[in-house]
Amino acid sequence: MGLIPNDVINQVVERSDIVELIGNYTVLKKAGRNFKALCPFHNEKTPSFVVNPDKQIFHCFGCGVGGNVVGFLMRQELMEFPEAVRFLANKASVVIPEDVSATLSPSRQLREEILKVNALAAAFFHETLLTSREADVKGARDYLKGRGVNLETVKKFQLGFAPNEWDALLKYLKSKGFSEELISKAGLIIAREEKRGFYDRFRNRIVFPIGDVQNRCVAFGARAMQDSDGAKYINSPETAVYTKGQHLFGLQLTKTAVGKLDQVIVVEGYMDMIMPYIQGVENIAASLGTALTTEQIRLIRRYTHNVVMLFDTDTAGQSAIVRSLDLLVDEGMNVRVATLAQDEDPDSFIRQQGVEAFNARIENASSLLDFKFNWLGMQYDPKTVEGKTKIGQELLATIARFKSEVAKYELTKSLAQKLNVPESVLLKQAALGTPQQGSFKEPEVKIKVSASVGAGQELLLALFLKDPAWAKAARENIGPEDFSEGSVRQVVEGIWSLSLETSDWSTNDLLVRLNDESAQSLVTGLISIEEGKLTDPARVFQDCIGKIQKERQKKARSRIIEAIQQAEAVKDIEKRDQLARELDQLLKMT
């Protein structure tokens, strides 16, 4: 079992279009020869994320991350290096030899094993629901049928049932060769008191498998059949493959429609998503009962920037919408809010009134400003000075999050009309009267390296990356040991290795060899150094080499002086005299 050959990896990178790939995750806008965007890896209001199509790399000037198409996919999809290469190879029609397989890291191995356990558990629950003749399972089938869920829907969502036994799933998975330790790490069983064995987490419940966008089962939600069975819903704990707030129920089935229709309807619960979907509402997903998180919003943003929120009309549901709104604005999303009557939810509404009425509610969804104004109007009296002040403060804080100055201005005007106050008062309070100066400008490069790394090392590495011939010339005077430890040393060693093999290596040849994310980010940051600093490459080269050599001699002197002091301390006169001669020789060379 060998590693994927470098020539195959290079072929994958060369055939992959980094602009096309990253464009699936964030909106790219042309900026000269490059493309710019809001960074998908950290929250920002001013674009600092740049894609260089010539070099086929990306770099964020804000958070410092960077890399090539493989590195981007690893960060965005939380993939290991070989997994990302294989994913891109499949898209680019590059064949990886069948007998070649990269060794999985321990963390990746655990994730793969948990996914296997989850898949088997989902199949076990599903088969139980379909075939068991137990009374409680029949009751679950009758319950689903009464909610309008037919056999086709059960199969589509792989709905299941957890038997009313303490260890039915545990016994099944152990019979398939999985250990209790692994099943526990998957969150499917719970340790008994005093650690005397385990019991199933899900029992006597309808089970909803939760899939990621690659349609892999990462977790489960389970609904109780009776009030006496405890909480109405229980869910998987966080595991190596599941983090709460990072997935949307059903999106793996609807992501294509979401992208095609350029809009997603976000609801709260499992049935709120399932019932509209089976009646033809294909661009829908559920937040799994919580307010949207930044991670969920960024997941949605891969497919659309347009969101319609449709949560339950109870206090919890409406509050969840309000908590989501500012985050949606922060992430550059266009958001509207659809409302239902009191005590209605999407599930009951579409079953009682039909899909046309449901679509009409979506079509007539309120703007963010209208919804939040009405919601705040129920918290504070808009007829009083105090109420107007509170409503104005909260809405101005939301408006200030918009990136467009035109949007800020127009929304502030609308708010002034709603509050019946002069817009000049709100504009003054919000400090929105003066537009931002200039357009997008790439910030000064901030190369995140240790304090011991001098400007000479930075510029010399940048020179190597601009023209590999300088790396070949540098080998006659310095070596990797002359550079700081860590990412800098890794980059230099990679360059040295490549320059021994060929004089015509590329940035991506180097990035393929640097699996370390910090080293990749260092490379993309160095490539972005302003051309003005390298207008006279020969002079820059000589100056940098000179600085590094002087630093080397300085360190050598310090080591010899320290050794002389140690020799004197133990009265080793012969050793002291030998070191003194070495120091004298070194001083003559400087």
Side-chain angles (χ1 to χ4, degrees), residues 112-178 182-190 198-226 229 232-237 239 241-242 247-255 269-278 284-286 288-289 347:
E112 291 291 338
E113 290 299 312
I114 289 177
L115 288 172
K116 290 178 183 177
V117 170
N118 283 349
L120 272 176
F124 173 80
F125 293 139
H126 186 57
E127 188 66 18
T128 299
L129 179 64
L130 291 179
T131 63
S132 175
R133 297 188 178 185
E134 295 292 330
D136 49 8
V137 184
K138 183 178 182 301
R141 289 195 290 263
D142 290 341
Y143 170 83
L144 289 171
K145 185 176 180 180
R147 295 285 296 268
V149 178
N150 57 23
L151 179 61
E152 181 182 355
T153 303
V154 168
K155 292 182 177 180
K156 184 77 172 179
F157 287 88
Q158 205 177 9
L159 303 184
F161 187 81
N164 190 18
E165 301 174 30
W166 283 104
D167 57 359
L169 177 64
L170 175 60
K171 287 179 179 177
Y172 173 76
L173 293 176
K174 287 178 69 175
S175 73
K176 297 297 182 180
F178 292 100
L182 179 62
I183 302 168
S184 176
K185 288 181 177 179
L188 293 168
I189 56 177
I190 300 172
F198 294 85
Y199 61 92
D200 290 352
R201 179 179 297 274
F202 307 113
R203 304 180 310 281
N204 195 31
R205 289 171 178 266
I206 295 173
V207 177
F208 299 83
I210 300 170
D212 63 9
V213 290
Q214 297 178 51
N215 204 24
R216 301 174 301 185
C217 181
V218 295
F220 299 90
R223 190 191 195 286
M225 296 302 300
Q226 300 175 8
D229 290 333
K232 183 177 179 181
Y233 282 98
I234 60 173
N235 303 295
S236 293
T239 68
V241 300
Y242 175 70
H247 301 274
L248 289 155
F249 179 75
L251 187 61
Q252 77 273 20
L253 300 176
T254 64
K255 61 184 182 181
Y270 305 105
M271 295 302 294
D272 291 332
M273 182 272 163
I274 291 174
M275 294 312 299
Y277 177 80
I278 64 177
I284 190 168
L288 299 171
D347 170 23

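Each residue takes its place number in the sequence, starting with 1. What's counted below: heavy atoms across the whole structure, side chains too, no hydrogens, waters or symmetry copies. Fair warning: this is a prediction, and the values are worked out from it, not measured in the lab.
- Leu182 CG to Ile189 CD1: the interatomic distance, rounded to the nearest 0.5 Å, is 9.0 Å.
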**Item:** Test log, rule side-chain contact (heavy atoms from CB on, under 4.5 Å), inputs Leu173 and Leu188
**Value:** CA-CA 10 Å; Leu173 293 176; Leu188 293 168; 3.9 Å; yes
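- Relative ring orientation between Phe125 and Phe202 is described as perpendicular, the plane-to-plane angle rising above 60° on a 0-90° scale split at 30° and 60°.
- Side-chain contact between Met225 and Arg205: absent, with no pair of heavy atoms (C-beta onward) separated by less than 4.5 Å.
- Rounded to the nearest 0.5 Å, atoms CZ (Phe157) and CD (Glu152) are 10.5 Å apart.
- With values rounded to the nearest 0.5 angstrom, His126 atom NE2 is found 8.0 Å from Leu159 atom CG.
- Taking CZ from Phe249 and CG from Asp272, the interatomic distance works out to 10.5 Å, rounded to the nearest 0.5 Å.
- In terms of heavy-atom proximity, Asp200 sits nearest to Arg203 at O-NH1, 2.7 Å.
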**Evaluation steps, side-chain contact (heavy atoms from CB on, under 4.5 Å), between Arg216 and Gln252** = CA-CA 9 Å; Arg216 301 174 301 185; Gln252 77 273 20; over 6 Å; no
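- Here the CZ atom belonging to Arg141 is positioned 7.5 Å from the OG1 atom belonging to Thr131, to the nearest 0.5 angstrom.
- A pairwise comparison of heavy atoms in Ala162 and Val207 identifies N-CG2, 3.8 Å as the closest pair.
- Shown here for Arg147 and Met275, the closest heavy-atom pair between the two residues is O-CE, 3.3 Å.
- Of all the heavy atoms in Val218 and Thr239, the pair that sits closest is O-OG1, 4.4 Å.
- A salt bridge links Glu113 with Lys116: the closest approach of a Lys/Arg side-chain nitrogen to an acidic carboxylate oxygen falls below 4.0 angstrom.
- Looking at Ile183 and Phe198, their side chains never come closer than 4.5 Å, going by heavy atoms from C-beta outward.
- Between Phe178 and Leu120 the shortest heavy-atom distance is CE1-CD1, 3.2 Å.
- One distance of note links CE of Met273 with CG of Leu253; it measures 6.0 Å at 0.5 Å rounding.
- What you find for Tyr242 and Ser236 is that their closest heavy atoms are CE2-O, 3.7 Å.
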**Request:** Verify side-chain contact (heavy atoms from CB on, under 4.5 Å) between Ile278 and Asn150, making sure each step is shown before the conclusion.
**Result:** CA-CA 10 Å; Ile278 64 177; Asn150 57 23; 5.6 Å; no
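- Side chains of Lys176 and Val117 form no contact here, defined as non-hydrogen atoms less than 4.5 Å apart.
- Between Phe208 and Tyr270, the two ring planes are parallel [angle under 30°; tilted spans 30° to 60°].
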**Request:** List the steps and the verdict of side-chain contact (heavy atoms from CB on, under 4.5 Å) for Tyr277 and Lys156.
**Result:** CA-CA 11 Å; Tyr277 177 80; Lys156 184 77 172 179; 3.4 Å; yes
